[in-house]
Amino acid sequence: MVSSKTKTITKFYVSIGGKEVAFRTKETAIKVGKMALKTNSDIKLIEEYLLWDITPGIPAQLIDKQRFDRTILISL
């Protein structure tokens with residue numbers, strides 16, 4: 001029997017005026033968000049969580065997708 005395997009992907013976005021820019025690391029997203037906050041007050045930091053089923057022999061399937069508002073991290 002084949003055991004199920006999963007893979008988690010986390011992405012971070014800085015939303016400036018409704019347009020999102022993706023970053024690979026939380027640290028970079030926080031730095032850019034803090035710099036952008038100095039010139040614009042409409043800034044949000046968003047964390048996107050994706051959980052994939054990557055069981056061998058079947059196509060990868062998205063199991064769960066969630067988005068979290070992490071703006072508090074750039075306004076500290």
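Along the sequence shown, the residues carry numbers beginning at 1. Keep in mind that what you see is a predicted model, and the values were worked out from it rather than measured.
Note that the NZ atom of Lys19 and the OH atom of Tyr13 stand 16.0 Å from one another [nearest 0.5 Å]. Expressed to the nearest 0.5 Å, how far CE of Met35 lies from CD1 of Ile74 amounts to 11.5 Å. Within the model, atoms NZ of Lys7 and CH2 of Trp52 stand 10.5 Å from one another, a figure rounded to the nearest 0.5 Å. Here CZ of Arg70 is found 11.5 Å from CD1 of Ile46. Values are rounded to the nearest 0.5 Å. In this structure, CD1 on Ile30 lies 10.5 Å from OG on Ser75, to the nearest 0.5 angstrom. Ile16 contributes atom CD1, which lies 9.5 Å from atom CG of Asp42 (distance to the nearest 0.5 angstrom).
Under the 4.0 Å criterion applied to side-chain N and carboxylate O atoms, Arg67 and Glu20 are assigned as salt-bridge partners.
Residues meeting the salt bridge (charged side-chain N to carboxylate O under 4.0 Å, His left out) test with Lys44, sequence neighbours left out: none.
The nearest pair of heavy atoms linking Thr55 to Lys5 is OG1-N, 3.4 Å. Leu45 and Ala29 make their closest contact through CD1-CB, 3.6 Å (heavy atoms, listed as atom of the first residue, atom of the second, distance).
Within the 3.5 Å criterion, the main-chain N or O of Leu51 finds no donor-acceptor partner in the side chain of Thr8.
Both Ile54 and Leu62 sit in one connected hydrophobic cluster of ILVMFWY residues. Membership requires side-chain heavy atoms under 4.5 Å apart, directly or through other members. Hydrophobic clustering (side-chain heavy atoms under 4.5 Å, transitive across Ile, Leu, Val, Met, Phe, Trp, Tyr) keeps Phe68 apart from Val14.
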Exercise for the section: Determine, step by step, whether Ile63 and Thr6 satisfy the side chain to side chain contact (heavy atoms under 4.5 Å, CB included) criterion, reporting the C-alpha distance in whole Å, the side-chain angles of both residues, the deciding distance to 0.1 Å, and the verdict. Expected result: CA-CA 9 Å; Ile63 298 171; Thr6 59; 4.1 Å; yes

Problem - Worked verdict on Thr71 versus Ile43 for side chain to side chain contact (heavy atoms under 4.5 Å, CB included) - result: CA-CA 8 Å; Thr71 305; Ile43 306 294; 6.0 Å; no

